[in-house]
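Okay, handing you the structure first.
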There are 2 protein chains.
Amino acid sequence: MDTQEHPSAPPAGQQRLGAQERLVRSTQELLWERGYVGTSPKAILERAGVGQGSMYHHFSGKSDLALAAIRRTAEDMKAAAEECLAAPGTAYDRVAAYLLRERRVLRGCPIGRMTQDRDVVRSAELRAPLDEMFGWLQERIAEVLTEGVRGGELAAGLDPEAVAATVAAVVQGGYVLARAADDTAPFDAAVRGVLALLASQATGSAPGPAPAAPGPAQAPHGR
Amino acid sequence: MDTQEHPSAPPAGQQRLGAQERLVRSTQELLWERGYVGTSPKAILERAGVGQGSMYHHFSGKSDLALAAIRRTAEDMKAAAEECLAAPGTAYDRVAAYLLRERRVLRGCPIGRMTQDRDVVRSAELRAPLDEMFGWLQERIAEVLTEGVRGGELAAGLDPEAVAATVAAVVQGGYVLARAADDTAPFDAAVRGVLALLASQATGSAPGPAPAAPGPAQAPHGR
DNA sequence: GTCTATATGTGGATAGAC
DNA sequence: GTCTATCCACATATAGAC
């Protein structure tokens, strides 16, 4: 018989993980749903199914735990974006893959959301993962666009850094518009718009197949 | 001699206003700075320089006061945007004026920020002003672009609704990127990018002067 | 109308037992 | 390592005096 006598709350889907890992994952979820100020240690503990002592043993406090969660989320997002941007195809195709990838639009971006949280932005430590993630994203998109320009697929006058920032901004702003409307339509429209503008930068004399005008962008968005 | 005997805290800049108006303005500021969850009645009262009784006399509670503040802010934003979009000039010029207008980028958008607040988005009443404001904005930009297409200034293939959503998203997303970086540069880059893409939609055979390639977008952004 | 006093819950963390 | 008990401050609202 085990000495462990407290399966108090089986945290639905994290049964076989250690307390530390459960704490990080629960925090990731709550930060996404409620933001930093809106997330209390109590809520984290309940979701993770552990007691307070457990949390303060592994982490120095709320901000320390949030730091671990934010870092984890940023890494996850980076990996998801890289999967689209590193795919085979033209530069347009790869940027389109990133823009059209399946997203639960109405939930918003777990990293972008942190940006609206005063306590996060004011802490150099908590802000660092956001800065690093978005910096990387813009550079990576710019790289793809630069390849497109060098390969003759995209117009030589295109400014890769500026358009990369535009692409990243459209996604983040699309979330904002969609949440205001409680409808994914504005997100889809914004993506469609920037893709149409980008498509018109295709030279048509590219090595690869020229991108067709983007369709209605019927990405399978969840709620 | 006046019976009023409590100039307890002169609320810096709102001296001559009634308590109700001071409460609304203080709430507008605090919602912008800290969001809905991060704003306590106590903080509002302190900034407004009034007591609790005063607040609960004019408003039923925090959410009621927030509603008044959000409505006010949405109206203000609408007026500011209309000023740019209704200006004389080509469609490109008017959209550019909106995108390049002076903004305190690192503070973010007071309306867009509400979008990240769970309690706001989940309340139909609190979300309504956001929905209405962003809906109006996108329609208004689309109108301007439609005029540009009809007048032959912009390419006939341009989709005004989609590009309008893109423009609105670039602004909102630009705020997110800038706050993550604690630097206005990503905002400026995103705006520069979308303007360059839009400029390439100009036919060059327009009635008005064809827009020059957008410059470095040295808008006088404050911190 | 506006103020102060009071009430109840929660936020975030510490102490110390097992 | 993990739990429970305890602590103080604050969030939000009500009651009632002036």
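Basis for what follows: all heavy atoms, side chains included, without hydrogens, waters or symmetry-related copies. Chain identifiers are assigned alphabetically (A, B, ...) following the order of the sequence lines, protein sequences preceding nucleic acid strands; residue numbering begins at 1 within each chain. Model, not experiment: these values are computed from the prediction.
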Axis-to-axis angle between the two ends of the helix from dG1(C)-dC18(D) to dC18(C)-dG1(D) (five base pairs per end, rounded to 10 degrees)
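The helix from dG1(C)-dC18(D) to dC18(C)-dG1(D) shows an end-to-end axis angle of 0°.
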
Pairing residues for Ala43(A) by the side chain to side chain contact (heavy atoms under 4.5 Å, CB included) criterion, not counting sequence neighbours
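So Ala43(A) forms a side chain to side chain contact (heavy atoms under 4.5 Å, CB included) with Leu30(A), Arg34(A), Ser40(A).
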
Validation: residues 50-63 of chain A side-chain donor-acceptor distances under 3.5 Å, sequence neighbours left out:
residue	atom	partner	partner atom	Å
His58(A)	ND1	Gln20(A)	OE1	3.3
Lys62(A)	NZ	Tyr36(A)	O	2.9
Lys62(A)	NZ	Thr39(A)	O	2.9

Can you figure out which of dG1(C), dG12(C), dA13(D) approaches the side chain of Tyr56(A) most closely?
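Nucleotide nearest to Tyr56(A)'s side chain: dG12(C).
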
Atom CG of Leu45(B) and atom C1' of dC10(D): how far apart are they, to the nearest Å?
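Atom CG in Leu45(B) sits about 13 Å away from atom C1' in dC10(D).
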
Within the structure shown, what part of the strands sits under 4.0 Å from Thr39(A) by heavy-atom distance: base, sugar-phosphate, or nothing?
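Sugar-phosphate, no base atom in range.
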
Atom pairs under 3.5 Å, N or O on each side, protein against nucleotides 4-8 of chain D: can you list them with distances?
none

Please list, chain by chain and in numerical order, all residues satisfying side-chain hydrogen bond (donor to acceptor under 3.5 Å, both in side chains) with Arg71(A), sequence neighbours excluded.
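Arg71(A): no side-chain hydrogen bond (donor to acceptor under 3.5 Å, both in side chains) contacts found.
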
Could you tell me how far apart His57(B) (NE2) and dC18(D) (P) are, to the nearest whole angstrom?
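Distance check: His57(B) NE2 to dC18(D) P gives 19 Å.
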
dG1(D), dT2(C), dA13(C): which one has an atom nearest the side-chain heavy atoms of Lys62(A)?
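For Lys62(A), the side-chain atoms sit closest to dA13(C).
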
Mind checking what makes side-chain hydrogen bond (donor to acceptor under 3.5 Å, both in side chains) contact with Thr73(A), not counting sequence neighbours?
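Gln28(A).
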
Of the nucleotides dT2(D), dG12(C), dT12(D), which one has an atom closest to the side chain of Ser40(B)?
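Of the options given, the side chain of Ser40(B) lies nearest dT12(D).
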
Residue Val50(A), side-chain atoms from C-beta onward, closest of dC3(D), dG11(C), dG12(C)
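Nearest to the side chain of Val50(A) among the choices is dC3(D).
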
Considering heavy-atom distances to DNA chain C, does Ser60(A) or His58(B) have its closest nucleotide positioned more toward the 5' end?
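Counting from the 5' end, the first nearest nucleotide belongs to His58(B).
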
Tell me every residue that passes side-chain hydrogen bond (donor to acceptor under 3.5 Å, both in side chains) with Arg72(A), counting only those two or more places apart in sequence or in another chain.
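Partners of Arg72(A) under the side-chain hydrogen bond (donor to acceptor under 3.5 Å, both in side chains) test: Glu21(A).
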
Do the non-hydrogen side-chain atoms of Ile70(B) and Leu130(B) ever get within less than 4.5 Å of each other?
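Result yes, sub-4.5 Å side-chain heavy-atom pair found.
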
Tell me, do Leu31(B) and Val120(B) make a side-chain contact under 4.5 Å, heavy atoms counted?
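With C-beta onward as the side chain, the pair stays apart.
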
Side chain to side chain donor-acceptor pair (under 3.5 Å) pairs, two or more places apart, involving residues 125-136 of chain B
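Counting only pairs at least two positions apart or across chains, the side chain to side chain donor-acceptor pair (under 3.5 Å) contacts touching residues 125-136 of chain B are Lys78(B)-Glu132(B).
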
Review item, side-chain donor-acceptor pairs of residues 166-181 of chain A, under 3.5 Å, at least two apart:
residue	atom	partner	partner atom	Å
Thr166(A)	OG1	Ala162(A)	O	3.0
Thr166(A)	OG1	Ala190(B)	O	2.7
Thr166(A)	OG1	Val194(B)	N	3.2
Tyr175(A)	OH	Arg103(A)	NE	3.1
Arg179(A)	NE	Thr115(B)	O	2.7
Arg179(A)	NH1	Leu106(A)	O	2.8
Arg179(A)	NH1	Arg107(A)	O	3.4
Arg179(A)	NH2	Thr115(B)	O	3.2

